[in-house]
Amino acid sequence: IHDAVAARGLRLVVKAHPGERSSPWAAYDDGSVELVPTIEELERRARSARVALGVVSTLQLPLAGLDQIATITVEVHPQPGHVLSRGLVEAGVAHAVTSYEELGEALADVPALHHDQLPNKPAFVERFLHRLDGRAGERLTEAVMAEAAAR
């Protein structure tokens with residue numbers, strides 16, 4: 001991931017999972033990786049971000065809904081074929097890559113990804129983020145469980 005991002009002249013901003021105890025990113029002390037320690041700092045940084053990378057995550061959901069961000073899900077797995085972020089891809093707010101080569105290609109044309117994803121963001125936000133019925137967490141859980149059952 002680092003190499004693909006750095007090859008495009010971009011800077012990687014990383015918010016580690018709260019349960020992560022080791023940091024593979026600490027080895028990058030050349031300034032090309034910024035570790036974001038808090039959700040509040042991630043929120044601040046997201047205001048100026050143009051692309052979000054990740055694997056399906058609750059942190060990725062609000063980023064996928066932001067108008068200025070193109071979302072790329074990195075699905076490089078030991079057993080290729082199953083895309084965990086299929087729901088985000090089917091909602092039209094993310095583009096899945098299954099190799100680091102594909103990641104480099106996707107990063108080369110972020111404006112096109114953004115153009116394709118932008119029209120789908122309002123429906124995604126309504127369905128998964130802003131419904132005021134108190135069931136957003138339940139819908140997300142159902143979607144993740146359905147995805148896991150399909151494996």
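Note that these values count all heavy atoms, side chains included, but never hydrogens, waters or copies made by symmetry.
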- Query: Which pair of heavy atoms, one from R47 and one from Q68, lies closest together, and at what distance?
  - Reply: O-NE2, 3.5 Å
Let me have the donor-acceptor pairs involving side chains of residues 1-12, under 3.5 Å, with sequence neighbours excluded, atom names and distances please.
unit_1 : atom_1 : unit_2 : atom_2 : d
H2     : NE2    : S32    : OG     : 2.5
R8     : NE     : G104   : O      : 3.2
R8     : NH2    : G104   : O      : 3.2
R11    : NE     : G31    : O      : 2.8
R11    : NH1    : E34    : OE1    : 3.1

- Task: Kindly work out whether a path of hydrophobic side-chain contacts (I/L/V/M/F/W/Y, heavy atoms less than 4.5 Å apart) joins V110 to L53.
- Result: yes
- Note on the structure: For I39, the side chain to side chain contact (heavy atoms under 4.5 Å, CB included) test, sequence neighbours excluded, returns K15, L59
- For the student: nearest non-hydrogen atoms of V97 and A106, plus distance: CG1-CB, 4.0 Å
- Note on the structure: In this structure, NE2 of H115 is separated from CG of D109 (nearest 0.5 Å) by 11.0 Å
- Item | Contacts of T38 that satisfy side chain to side chain contact (heavy atoms under 4.5 Å, CB included) - sequence neighbours left out | E40, E41
- Query: So, do I72 and L107 sit near enough that their side-chain heavy atoms are less than 4.5 Å apart?
  - Reply: yes
- Message: Quick one, Q60 with T73, criterion side-chain hydrogen bond (donor to acceptor under 3.5 Å, both in side chains). Give me CA distance, side-chain angles, the key distance, then yes/no.
- Response: CA-CA 9 Å; Q60 195 173 12; T73 62; 5.5 Å; no
- Set of side-chain hydrogen bond (donor to acceptor under 3.5 Å, both in side chains) partners for Q117, sequence neighbours left out: none
- Name all pairs fulfilling the salt bridge (Lys or Arg N to Asp or Glu O under 4.0 Å) condition that reach into residues 87-101, sequence neighbours left out, sorted by first residue then second. R86-E90
- Query: Would the number of heavy atoms belonging to other residues, nucleotides or ligands and lying under 6.0 Å from NE2 of H77 be above 12?
  - Reply: yes
- Item | Within one Ile-Leu-Val-Met-Phe-Trp-Tyr cluster: V14 and Y100, side-chain cutoff 4.5 Å | yes
- Task: Verify the cluster assignment for V89 and L103: are they in a single hydrophobic cluster under the rule of side-chain heavy atoms below 4.5 Å apart?
- Result: no
- Task: Please list, chain by chain and in numerical order, all residues satisfying side chain to side chain contact (heavy atoms under 4.5 Å, CB included) with A52, sequence neighbours excluded.
- Result: L63, I69, T71
- Common cluster, L113/V74, ILVMFWY with side-chain heavy-atom separation under 4.5 Å: yes
- Item | Flag, side chain of S99 to backbone of E102, donor-acceptor distance under 3.5 Å | yes
- Please check if V83 and F124 belong to a single hydrophobic cluster, counting links between Ile, Leu, Val, Met, Phe, Trp and Tyr side chain heavy atoms closer than 4.5 Å. no
- Message: Please find the pair of heavy atoms, one from A96 and one from E75, that lie closest to each other, and give the distance.
- Response: CB-CG, 4.3 Å
- Between V13 and R45, the two heavy atoms sitting closest are CG2-NH2, 3.5 Å
